[in-house]
Visitor: 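Sharing a structure here in structure tokens format.
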Amino acid sequence: MKRYKKGQQVYSLNRGWRFVEKDISVLPPTKQHDDVYGFSKAGAYRGPADANYDDADWEIVNLPHDWVTKHDFVEEGSPNQGYKERGIGWYRMRFELAEEDRNKQILLEFEGMSCDSQIYVNGSILKHNYSGYNSFCVDMTDMANFGVIPNTLAIRIDASAWEGWWYEGAGIYRNVWLVKKSEVHLAHDGIFIKSELEGNSTWKVHVSAEIENSFEYEHTVEVITCLYDQEDNLAGEAALTGKDILHGYETATVTGEIYVNNPILWSVKQPYLYKAVTKLYKENDCIDVVEENIGFRTISIDAKDGFWLNGENIKLLGFCNHQDHAGIGVAVPYSIKEYRISLLQDLGANAYRCAHNPDPEILDICDELGVMVMVENRTYSSSEETLREVEGIVRQSRNHPCVILYSVFNEEPLQGTHKGRRMAGALQAVVRRVDDTRPVLGAFNGGYMEEEGASTILDVTGINYNPGRYDEFHKKYPDTPLIGTETASAFMVRGEYVTDYSKNLINSYDDECALWGNTISEAWKMVVERPFVAGAFVWTGFDYRGEPTPFTWPSVGTFFGTYDSCGFEKDACYFYKAYWKQEPIVHIISPWSEGHEKGTQIRVKVVTNCEEVALLVNGRVIDRKLADPINHVEFTASYEEGEVKAIGYRNGEIVANDYQLTAEKPARLEVSLSKETLVTDGFDAVAVNVTLIDQNGTAIPNADHTLTFEVGNGTILGVGNGDPNSHEDDVTNKRKLFHGKAQAIIAPIDKGSVVVKVSANELDLQTEVMIPVKEVESFSYVEPVEERVIDNWRMYYQLFDEMPNPNPKVDKNDMNSFEPIAFNGAPQTQLTDQLHKYALYRCVANLGEAKENRYLYISDIKGYAWIYLNGELLASRTDSFGGHMIIDLPKEVKGNQVLTIIIHNENEEWPQAGICSPVVMKEL
């Protein structure tokens with residue numbers, strides 16, 4: 001996410017959008033010559049793209065927004081998309097730009113929307129974006145309105161098809177920004193900072209910056225980059241050279257070098273970041289500033305020993321992850337993404353694969369937390385559009401120290417063919433042109449042994465599953481580095497200990513996996529025993545909606561996750577803790593807490609990295625066994641009420657233990673939070689995790705009672721419980737417990753405290769938690785322009801040869817002299833070709849309370865025009881072609897008033913006239 005920095009003109013466009021889920025045409029109302037001719041011109045798109053479109057009955061939403069979360073599950077829907085239909089929707093926002101912005105570059109930055117989108121500004125289409133995952137920028141400078149005339153931003157999103165085979169959601173599901181820059185400026189994502197180790201301790205930092213001139217006048221400029229450590233000490237600076245005079249509409253690149261001795265290195269253990277500040281000066285005035293977090297580190301990967309970071313050989317211990325989270329779909333706030341990644345780190349993970357969805361916020365988080373990232377492109381193609389998208393992905397990624405690999409495809413049928421090799425080569429060439437510092441790979445599910453395939457042109461080969469072929473590949477291609485880009489695909493449902501395919505349930509013992517995959521232990525064994533395998537990216541870190549393998553309806557989510565979709569631990573978490581962490585781990589997998597008939601034989605699996613494990617029941621040693629470092633250890637114990645305990649030994653000494661107790665009756669609701677404090681920046685949220693426990697703190701294992709969440713000074717974004725078979729609503733204040741747990745995602749409204757009251761009415765239990773909300777400096781929000789449409793207009797039934805009386809006498813019972821009329825974007829047909837004729841329009845408008853600085857705004861009115869209030873002339877215009885009109889209202893005017901408009905058709909070249917757009921009342 002963008003960081004707040006004083007002096008930068010960056011504004012959030014996340015608030016106050018109008019939204020409707022239906023398709024609306026942008027074509028004119030008829031196919032007559034005048035409509036077709038007019039539609040062919042700039043700014044002429046109609047429907048929601050038109051400033052005059054009435055969206056008063058649309059829903060008001062804030063971003064990020066995934067409209068699919070409110071949909072019902074439908075059995076005829078796609079299992080891949082989680083049995084929720086998508087469709088087509090429109091977003092609109094009106095906002096103003098100050099007159100002083102007229103000579104600035106005006107950018108719209110979109111971090112991501114799903115999926116096929118068209119961006120209209122003031123009636124012109126400025127961008128058609130085909131990917132639901134890439135970020136992009138739209139330059140609206142030339143089409144912008146300034147002063148009192150608002151800008152109309154309209155976005156059509158077509159999510160009726162699909163880009164992936166998982167839940168993708170729909171809508172503007174990431175942030176949108178408005179950026180104002182001076183006429184000459186640093187280009188969007190145009191700065192590249194590349195550090196190179198020279199000798200033992202000296203680093204050369206190569207800096208290149210693209211500069212742009214958005215207008216016709218030339219300027220003399222200077223660009224300087226300064227490097228600061230975390231204490232704001234200057235570590236080095238450089239004046240960038242190569243261009244000092246930028247001509248009109250010119251783009252150029254300037255470069256420089258900074259030398260730094262003994263910098264603190266970025267690593268997974270100490271993710272130290274420096275700040276690179278690039279400033280552009282014009283006539284000694286700083287007119288543009290861009291800050292980038294960077295890190296000093298070396299990376300390399302070889303076919304013999306795998307991956308190296310700062311000269312240290314380490315395994316990449318990673319997870320693949322889709323974007324969605326329980327209850328909120330793909331509209332995941334920054335702090336929840338941060339929470340999810342920190343949960344993966346708790347398991348010992350040091351790497352993250354954006355599968356298959358690049359996300360700029362993930363990179364910011366991983367920079368700060370010390371997690372290495374594989375950034376992945378979604379579309380495998382060498383089309384011009386895809387090459388531009390990949391270039392954009394790399395430009396936004398290349399300054400992040402966390403980024404260590406680029407993946408240009410995943411599991412493509414052409415991957416082992418000559419065509420696939422050519423396409424991979426083209427994509428790799430684009431990556432290298434923009435960033436030559438990271439290896440490029442593809443994630444193969446076959447075809448990697450083919451000599452004509454893509455594996456023979458890419459820097460690294462990623463193999464999805466099939467670890468039995470690691471050795472075969474390494475033997476045939478001994479000089480090609482290898483990574484397990486997807487491993488495992490093991491199945492597990494949190495809290496389940498018996499597999500029952502008739503109920504779509506799978507146990508937690510690591511017994512089950514996809515047909516193409518492996519259990520957790522099998523997959524890890526194949527990686528850890530092979531030094532030439534650089535690492536593993538487990539499928540997946542979290543359960544996600546859609547792709548409910550191995551089941552279909554009523555399952556609506558996956559079973560692959562190490563955590564469930566809420567981030568609640570499955571027993572799978574402890575396998576990775578045992579494999580990836582050094583501290584001793586002992587964890588019991590069993591249904592002991594459920595309670596059973598005495599003497600029932602209970603399967604007890606103990607996951608551990610200890611040498612030996614003893615199992616005790618109510619203090620009695622049942623057995624003691626050597627533990628296998630891969631497969632751990634299993635026991636069978638006769639059930640009796642009370643405690644089962646496992647004790648781990650190293651070198652004969654007790655180093656860890658775990659226990660389970662038979663659950664007693666529910667006693668209270670326990671709440672834990674993903675973060676202890678919230679802030680008022682408008683981007684924050686918290687996961688409120690609730691567990692039903694007994695008096696001993698044991699979670700009630702099969703509890704499915706309904707919880708109700710009541711929130712003060714906060715908004716519930718969504719609720720979940722991690723059940724992959726649940727069809728409950730996502731956007732509500734109620735959720736059933738699933739094996740004793742449920743979650744609400746809550747965003748603060750204002751400073752003070754968010755108060756969350758959680759009730760289980762069936763049990764007469766409730767609890768309350770207060771979460772402090774601190775006020776912080778943040779971005780300003782672009783406030784949407786609110787307009788009151790003046791409607792109920794009527795037009796006199798006939799035209800006049802002479803200027804009519806603006807206040808004609810009409811009998812109260814006269815229902816025929818004036819006829820109802822709507823202003824829908826076209827001149828009135830009654831006036832068409834009626835040269836020198838006059839038309840009279842009237843309405844009774846409620847102008848509300850008396851106020852200053854109110855005006856009427858008509859964005860499109862053709863012909864000579866006179867505007868009257870209660871028969872008194874307010875404004876007039878004698879312009880045959882027409883345009884907009886702004887009419888000041890007297891401050892004392894209030895309540896119901898008679899408005900009259902007279903139009904005179906006086907355009908001999910194009911004899912059309914009338915009121916084309918709705919009349920609106922606005923306030924300054």
Side-chain angles (χ1 to χ4, degrees), residues 2-11 97-98 100-109 135-142 144 146 177-195 204-228 232 234-260 273-294 360 391-392 394-400 434-435 779-780:
K2 290 183 180 295
R3 299 300 187 187
Y4 174 75
K5 307 178 188 73
K6 292 181 180 179
Q8 287 198 336
Q9 290 192 291
V10 179
Y11 305 84
L97 292 170
E100 64 193 40
D101 295 328
R102 186 174 293 277
N103 293 319
K104 295 177 182 175
Q105 184 195 46
I106 310 296
L107 299 179
L108 300 169
E109 294 185 14
S135 305
F136 60 93
C137 184
V138 173
D139 188 335
M140 62 171 282
T141 306
D142 298 337
F146 302 94
W177 305 93
L178 175 73
V179 182
K180 303 176 184 177
K181 287 178 171 285
S182 58
E183 66 269 41
V184 59
H185 48 264
L186 298 163
H188 173 71
D189 281 343
I191 295 172
F192 183 26
I193 299 173
K194 178 172 65 173
S195 56
K204 180 194 289 185
V205 181
H206 303 268
V207 183
S208 68
E210 295 176 19
I211 51 178
E212 296 175 337
N213 187 349
S214 290
F215 296 91
E216 68 266 32
Y217 305 107
E218 72 175 35
H219 297 280
T220 300
V221 297
E222 181 183 13
V223 181
I224 295 175
T225 297
C226 297
L227 196 61
Y228 299 92
D232 282 333
L234 182 65
E237 64 180 317
L240 309 189
T241 60
K243 190 74 172 180
D244 56 3
I245 297 177
L246 207 60
H247 300 291
Y249 302 109
E250 184 180 11
T251 299
T253 299
V254 292
T255 61
E257 296 173 350
I258 302 173
Y259 288 87
V260 181
L273 296 171
Y274 287 78
K275 181 172 62 180
V277 181
T278 301
K279 296 182 178 182
L280 184 145
Y281 293 85
K282 185 185 76 171
E283 298 175 355
N284 297 319
D285 291 331
C286 179
I287 60 173
D288 197 9
V289 181
V290 172
E291 294 185 9
E292 300 273 2
N293 285 335
I294 69 163
E391 179 177 346
V394 177
R395 285 169 68 94
Q396 80 175 13
S397 305
R398 59 188 177 177
N399 290 327
H400 290 273
V434 185
D435 177 9
F779 296 100
S780 297

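Hydrogens, waters and symmetry mates play no part in the numbers below; they use all other heavy atoms, side chains included.
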Visitor: Taking NZ, NE, NH1 and NH2 as the nitrogens, is one of them in Lys181 or Glu212 under 4.0 Å from a carboxylate oxygen of the other?
Guide: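 No salt bridge links Lys181 with Glu212.
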Visitor: Treating Arg398 as the side-chain partner and Asp435 as the backbone partner, does any N or O pair qualify as donor plus acceptor under 3.5 Å?
Guide: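 Checked: no pair found.
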Visitor: With sequence neighbours left out, write down each residue that passes ring pair (Phe, Tyr, Trp, His ring centres under 6.0 Å) with Phe192, or none if nothing qualifies.
Guide: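 With sequence neighbours excluded, Phe192 shows a ring pair (Phe, Tyr, Trp, His ring centres under 6.0 Å) to no residue whatsoever.
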Visitor: Tell me, please, which residues at least two apart from Lys279 pass salt bridge (Lys or Arg N to Asp or Glu O under 4.0 Å).
Guide: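 With neighbours one apart ignored, the set is empty.
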Visitor: With sequence neighbours excluded, tell me which residues meet side-chain hydrogen bond (donor to acceptor under 3.5 Å, both in side chains) with Asn213.
Guide: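 Once residues adjacent in sequence are excluded, Asn213 has no partner under the side-chain hydrogen bond (donor to acceptor under 3.5 Å, both in side chains) criterion.
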Visitor: Return yes if a side-chain donor-acceptor contact under 3.5 Å exists between Thr255 and Ser208, otherwise no.
Guide: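 No.
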Visitor: Sequence neighbours left out, what passes side-chain contact (heavy atoms from CB on, under 4.5 Å) with Cys226? Give chain and number order.
Guide: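 side-chain contact (heavy atoms from CB on, under 4.5 Å) check on Cys226 returns Ile224, Tyr228, Leu234, Glu237.
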Visitor: Below 4.0 angstrom, N of the basic side chain to O of the carboxylate: do Asp232 and Lys275 qualify?
Guide: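 Lys275 and Asp232: salt-bridged.
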Visitor: How about OH on Tyr217, more than 12 heavy atoms from neighbouring residues, nucleotides or ligands closer than 6.0 Å, or not?
Guide: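 Not buried by this count: 12 neighbours or fewer within 6.0 Å.
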Visitor: Decide if atom CD of Glu216 counts as having more than 12 heavy atoms of other residues, nucleotides or ligands within a radius under 6.0 Å.
Guide: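 Enclosed.
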Visitor: State which residues pass salt bridge (Lys or Arg N to Asp or Glu O under 4.0 Å) with Glu222; sequence neighbours excluded, sorted by chain then number.
Guide: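 Scan of Glu222 (salt bridge (Lys or Arg N to Asp or Glu O under 4.0 Å), adjacent residues dropped) gives none.
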Visitor: In chain order, what residues pass the side-chain hydrogen bond (donor to acceptor under 3.5 Å, both in side chains) check against Asn103, with sequence neighbours excluded?
Guide: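 For Asn103 there are no side-chain hydrogen bond (donor to acceptor under 3.5 Å, both in side chains) partners, ignoring immediate neighbours.
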Visitor: Tell me the closest heavy-atom pair linking Ala235 and Tyr274, and the distance in Å.
Guide: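 Looking at all heavy atoms of both residues, the shortest contact is CB-CE2, 4.3 Å.
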Visitor: Applying the side chain to side chain contact (heavy atoms under 4.5 Å, CB included) criterion to Thr278, which one of Ile211, Val254, Ile191, Val289 satisfies it?
Guide: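 Checked Ile211, Val254, Ile191, Val289 against Thr278; only one passes side chain to side chain contact (heavy atoms under 4.5 Å, CB included): Ile191.
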Visitor: Counting distance only, does the side-chain N/O of His400 pair as donor-acceptor with the main-chain N or O of Ser397 below 3.5 Å?
Guide: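 No, because the side chain of His400 does not come within donor-acceptor range (under 3.5 Å) of the backbone of Ser397.
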Visitor: Please check if the side chain of Asp139 supplies one atom and the backbone of Thr141 the other of a donor-acceptor pair under 3.5 Å.
Guide: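 Such a contact is found between Asp139 side chain and Thr141 backbone.
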